[in-house]
2 protein chains.
Amino acid sequence: MSTASDRPAASRRRNAAETTVAIERAAVELVLQHGFDQVTVDMICEAAGVSQRTFFNHFKTKDAALLGPELPTIDERAAREFIVSDGPLLAEAVGLIRVAPEHLPVDPKLFSDRIRAVSAHPALLLRQMERLGAIEGELREIIALRLRRRAADGADAAGSAESPEELEEQAELITHMLAGVMRYVGMRWARLSATGALPPGAAPDAGLAETLDRVIRKLG
Amino acid sequence: MSTASDRPAASRRRNAAETTVAIERAAVELVLQHGFDQVTVDMICEAAGVSQRTFFNHFKTKDAALLGPELPTIDERAAREFIVSDGPLLAEAVGLIRVAPEHLPVDPKLFSDRIRAVSAHPALLLRQMERLGAIEGELREIIALRLRRRAADGADAAGSAESPEELEEQAELITHMLAGVMRYVGMRWARLSATGALPPGAAPDAGLAETLDRVIRKLG
DNA sequence: TCCTATTGTGCAGTAACTGCACTTATGACA
DNA sequence: TGTCATAAGTGCAGTTACTGCACAATAGGA
């Protein structure tokens, strides 16, 4: 297993992107059929017509082949608006987070299949959510900027002047809470997608601002 | 390696708890010395005077040997008070979560060493925090109970009668936010412990209520 | 003293992943 | 058209975490 010497003699060799997609497709399809734990890397390799070594040249881990290369990013323009806004903090912060399509011509079938495969397996879904750990630092800084700005503007009439260190702490706490909110959004989206209660292209955070608003009023 | 045939001929065989602790101690010590990734299970086994098979009889994974058996639990009495309270929701919810010492006579040195070892490695710390996924369901229900009770009491004078489903959703969102808060608490605690800015036995959530209060006022 | 549950071991196997040396197709350029 | 550097892929051998199964040794009560 895992050697690809026996392949349709024709058309060896494709460019890197093609191979990557072929592996992703094989992975997603197999996982949809058998479940994540029942699928081995070797099975994916055979289905994709690729050696195991090649698999690991394209993906760091088995997970990665399933989750795809898309990583969360921050919308720079939105970030600038966010910093000077006085609107609802968490809801606006969620709006900052975008999924950056690394290689844009995304295959829509692969995309939706992947969602089905990933959302079926809670552990995978969680790992997907953990990916935004990559931008947590950035988020924290942007939130800190907003807090500092509001403090400088004296927007908090209470006048309880807070030290920069306190604002840093608050920014960190808010960032972690935001991570929680994102996890909620992701899970809810997966749940609704699975039951078909949601159109395929629907925004993952529809109605979120409203819910957040009500919840926050109950936290005090 | 990983066979324990060559052991101080005397005193084979101890009771399970002893062996477990021996393995934990070896694991923590080695990780403190060399870092998590540099330590193999075989190394731990040799240091603990135990075969690899025995290691995996006592711990499901390498992580588990480091993190120890303590799992988060909910304080039942506190939960009942929580449901009928009108105080700050998140702060009080944090108070529900206790670490249940499975085998009580905890070795204090092992305990503090473990904290140093785990908090040095962010990924481990994260995995530790993930453990409260085990009680997330329970938390969500308790929070839902509180929300329902307040709704029934008409405590939200606004009179915007919310459906049970809406309350469920809100409870879920709050649970995820709470998970974020807990992660913050854990990380902060680890950070302060590491720099020695905190007495060894200090409560992990000192000053949290205050910070939470200020932060929540800024979320609106 | 014998018997049995507890504790521990050896061994063989699977699966994810890595480093290294090597081949082969591709496309650019003389 | 030939040649040549490079991108893409492969084979192989090794490491590490983890599992199932059958078996060995011992503690501790009957």
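In this text, all values refer to a predicted model and were calculated from it rather than measured experimentally. Every chain is numbered from 1, with letters handed out A, B, ... down the list of sequences.
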Margin query: Measuring from the side chain of B:Arg53 (C-beta onward, heavy atoms only), which nucleotide among C:dA16, C:dT9, D:dA17 has the closest atom?
Written below: C:dT9

Notebook entry, point to check: A:Phe56 has a side chain; which of D:dA8, C:dC17, C:dG8 sits nearest to it?
Noted result: C:dC17

Please determine if a side-chain N or O atom of [X] lies less than 4.0 Å away from the OP1 or OP2 oxygen of [N].
X       : N      : value
A:His58 : D:dG9  : yes
A:Ser51 : D:dT10 : yes
A:Thr19 : D:dG9  : yes

Check: With a 4.0 Å cut-off on heavy atoms, is B:Thr40 in touch with a base, just the backbone sugar-phosphate, or nothing at all?
Finding: sugar-phosphate

[X] [atom1] - [N] [atom2] separation (whole Å):
X       : N      : atom1 : atom2 : value
B:Arg14 : D:dA25 : CZ    : P     : 18 Å
A:Ile23 : C:dA16 : CD1   : P     : 14 Å
B:Asp42 : C:dG10 : CG    : C1'   : 14 Å
B:Asn15 : D:dA25 : CG    : P     : 21 Å
B:Gln52 : C:dG10 : CD    : P     : 11 Å
B:Phe55 : D:dT19 : CZ    : P     : 11 Å
A:Asp63 : C:dA16 : CG    : C1'   : 10 Å
A:Asn57 : C:dT23 : CG    : P     : 17 Å

Salt bridge present between [X] and [Y] (N-O < 4.0 angstrom):
X        : Y        : result
A:Arg214 : A:Glu210 : yes
A:Glu168 : A:Arg148 : yes
A:Lys218 : B:Glu166 : no
A:Arg114 : A:Glu24  : yes

Notebook entry, point to check: Can a donor-acceptor pair be found between the side chains of A:Glu136 and A:Thr175 at a distance below 3.5 Å?
Noted result: no

